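Shown next, in structure tokens, is the structure this report addresses.
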2 protein chains.
Amino acid sequence: MDEKPHGTRPGMADVARLAGVSAQTVSRTLSGHPNVREHTKAKVLAAVEELGYRKNDAARVLSSGRSHTLGIVVFETMFYSRSAATVGVETAAHRAGYTVSAVTVASMDSTAIQAAMTRLSEHNVEGIILALPLVQVNKGIEDLTRAIPTVCTDGSRTASTHVVTVDQHLAGRMATEHLLSLGHETVWHVSGPESWIEAGGRTQGWRETLEASGRFVPPALQGDWSPASGYQNGLILGRIPDVTAVFVASDEMAFGVIRALHELGKRVPEDISVIGVDDIPLAEYCSPSLTTVAQPFGFIGERAVERLIAAIDDPQTPAETELIEPTLIVRSSTGAPAAAS
Amino acid sequence: MDEKPHGTRPGMADVARLAGVSAQTVSRTLSGHPNVREHTKAKVLAAVEELGYRKNDAARVLSSGRSHTLGIVVFETMFYSRSAATVGVETAAHRAGYTVSAVTVASMDSTAIQAAMTRLSEHNVEGIILALPLVQVNKGIEDLTRAIPTVCTDGSRTASTHVVTVDQHLAGRMATEHLLSLGHETVWHVSGPESWIEAGGRTQGWRETLEASGRFVPPALQGDWSPASGYQNGLILGRIPDVTAVFVASDEMAFGVIRALHELGKRVPEDISVIGVDDIPLAEYCSPSLTTVAQPFGFIGERAVERLIAAIDDPQTPAETELIEPTLIVRSSTGAPAAAS
DNA sequence: CCGCCAGGGGCGCTGAGGATA
DNA sequence: GTATCCTCAGCGCCCCTGGCG
């Protein structure tokens, strides 16, 4: 009469009963503890198999106090960098025995970010990766970063967040120097949204490089990372006679720019050179193939996870900023300017 | 002396004590239950605020038996369709009050998929979305799909999985008919990996359309979704004099094909027309802009989640297959063939 | 009698100590 | 003493019952 109702998921007690051991022993064999005889282990495993037992994470987390889960907050966008970052984090975390739980945020104001972090903390994550810029930090976020180890993969930070990020300033410099070294008088720029610290870094690197070599610094145009916004800005740039080189803050916008230039009858790179940032998979295969500053997304994810786990293991770990160097990849969208008329 | 150790997260009991009510009352106000006086509610909320209390999901799940979490299994790839599908599911789930937990799988054999589903079930997900083809189904997967409502967004299925998928057969037909209607004698094809049911459907739609109108059916070339594989196949196609139209199973491969054709001195669409599938963000902005068969990823995610939740609410819901129609988007990579020599 | 709240029991698992060889 | 196993007491929360106005 004390039949389990149909469809109920078997628990550890059921396994224990079938194997003729205590629940504790089942727990130990399942978590690879020592001090369990081979024979016993076999019996337990057989019972698990027969019952189709699957462990209950909620119970495990509640009881042990550890979730072995990392949280990641990403900005809702379909663009390459988003998924690249997530994938990098996921594989690194998985390798370290952690699961990652992602929450997407639709806007970047502090309330939304705080809500996302709270959700993650309710899920008992042991650490959080912020894959977006922390534009404004409110008290709630401040508290959360104090309570839970946090690493940011954008330049921004609070007092207690660790940072692992690409040196965007350097990226801007590399792109600009590449163009200058090709013989261009100056370099124009299409930036990302100003709320992104990443975008700001690139713009700054570009401007300072230009200033350092005494060139004219053109006004920066601004896009929103989308190909469409690149296209719009390309329509403007293509109408300015002086323009011979453009540094675009992302590959996707760069293709938009190129497209607009084509429509205006400008050739790339013969008339105008264009360089992007990211090195998306298509960068090599669109026409012309795109010269770009590659960001090592996988490596960033890896380092971010490593740092986060270190901070989890020892909360005293001091919060530092780690800068990763990007790589220039020269393809065929950049070249020397046409001989002056 | 019975001080809480520093750094310990406050529990509901702490809140209750501070507010001078029982833990039960805290629970009720927090889950929006009726039968709590305004005044009491306010006291509780104040205490929550002061303590920085965040609810503990593990405990809630364990105790209530409900996790309000959906699981999704995706194939590890950086390509567009992957993230598009995930985003669609995430937003739809979120709107319905569910969280989604994703697990990435590196290979598509049944063992890997079973492992992924098991992990999800250990996380107590209430339903699972399989965003990959179920090539081979073993007993473990069979059991899991029986125990947990499952919907597949690829054509494949077990006896108890629901299916929401794009009509790939139709996609293949639409692409082929478009090319034929432009006046091409026949259409060549670069397919996806044969293990993907999606790829198979497109290929089949292409072949049958050709057969139906009595055209020559060229041998299908095969890629692996990557731009590089498209490029390789393009290098082959561009050397075959007869080729005037190519149906490529994904946009990313299509750009690879176009690139190769350019290198071989062929113009697109003047010499050869190329059509892709997916409608990635860049399709409109690369040169030439790509004619393609768009897949409504967002809508798929939405429908998949709806169906899944219906199945969770009523496990008796019969498993059906829902086919979603793709859309032809004509841009500038396809055109009429050059007048016969 | 109904609206509001407190208390006990238990979800499935693990950590600590004791018992048995 | 050492290897193996078991009993016991919670983890933080929600459901149920019942008492108080």
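Bear in mind that the values here come from a model prediction, so they are computed numbers and not experimental data. Order of the sequence lines fixes the chain letters, A, B, ..., with proteins taken first and strands second; residue numbering starts at 1 for each chain.
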Original post:
Quick one: does Tyr98(B)'s side chain get under 4.5 Å of Glu126(B)'s, heavy atoms only?
Top reply: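 When only atoms from C-beta onward are counted, Glu126(B) and Tyr98(B) do touch, with a gap below 4.5 Å.
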
**OP:** Ignoring backbone atoms, test whether Asn56(A) places a side-chain nitrogen or oxygen under 4.0 Å from the OP1 or OP2 oxygen of dC13(C).
**Re:**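 Checking dC13(C) against Asn56(A), no side-chain N or O comes under 4.0 Å of OP1 or OP2.
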
**OP:** State whether Thr25(B) places a side-chain N or O below 4.0 Å from either non-bridging phosphate oxygen (OP1 or OP2) of dA6(C).
**Re:** yes

**OP:** Examine the side chains of Arg82(A) and Thr104(A) and answer whether a donor and an acceptor come within less than 3.5 Å of each other.
**Re:**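 Yes - a donor-acceptor pair under 3.5 Å links their side chains.
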
Original post:
So, Ser121(A) and Arg54(B): side-chain donor and acceptor under 3.5 Å apart, yes or no?
Top reply: yes

Original post:
Can you give one letter per nucleotide of nucleotides 15-21 of chain D, going 5' to 3': B for a protein heavy atom under 4.0 Å from the base, S for sugar-phosphate only, - for none?
Top reply: BB-----

Original post:
Taking the six-membered ring for Trp, is the centroid-to-centroid distance between Tyr80(A) and Tyr80(B) below 6.0 Å?
Top reply: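 So the answer is no for these two rings.
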
Euclidean distance, atom [atom1] of residue [X] to atom [atom2] of [N] [Å, nearest integer]:
| X | N | atom1 | atom2 | answer |
| --- | --- | --- | --- | --- |
| Asp57(B) | dC14(D) | CG | C1' | 13 Å |
| Glu38(B) | dG3(C) | CD | C1' | 14 Å |
| Asn124(A) | dC13(D) | CG | C1' | 12 Å |
| Arg9(A) | dC13(C) | CZ | C1' | 12 Å |
| Met12(B) | dC13(D) | CE | P | 6 Å |
| Arg54(A) | dG12(C) | CZ | P | 13 Å |
| Leu62(A) | dT14(C) | CG | P | 11 Å |
| Arg66(B) | dG12(D) | CZ | C1' | 20 Å |

Original post:
Do His33(A) and Asn35(A) pass the side-chain contact (heavy atoms from CB on, under 4.5 Å) test, and can you show the C-alpha distance, the side-chain angles, and the key distance before you say yes or no?
Top reply: CA-CA 7 Å; His33(A) 248 317; Asn35(A) 294 4; over 6 Å; no

**OP:** Would you mind classifying the nucleic acid contact of Val26(A) as base, sugar-phosphate or nothing, using non-hydrogen atoms under 4.0 angstrom?
**Re:**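 Since no nucleic acid heavy atom lies under 4.0 Å of Val26(A), the category is nothing.
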
**OP:** May I ask you to say what Ser31(B) touches in the nucleic acid, namely base, sugar-phosphate or nothing, with a heavy-atom cut-off under 4.0 Å?
**Re:** nothing

**OP:** Give a yes or no on whether a salt bridge exists between Glu306(B) and Arg303(B), defined as a side-chain N under 4.0 angstrom from a carboxylate O.
**Re:** yes

Original post:
Does the distance from a Lys or Arg side-chain N to an Asp or Glu carboxylate O, for Arg60(A) and Glu122(B), drop under 4.0 Å?
Top reply: no

Subject >> Residue closer to the 5' end of DNA chain C, Arg60(A) versus Val21(B) (nearest nucleotide) >> reply: Val21(B)

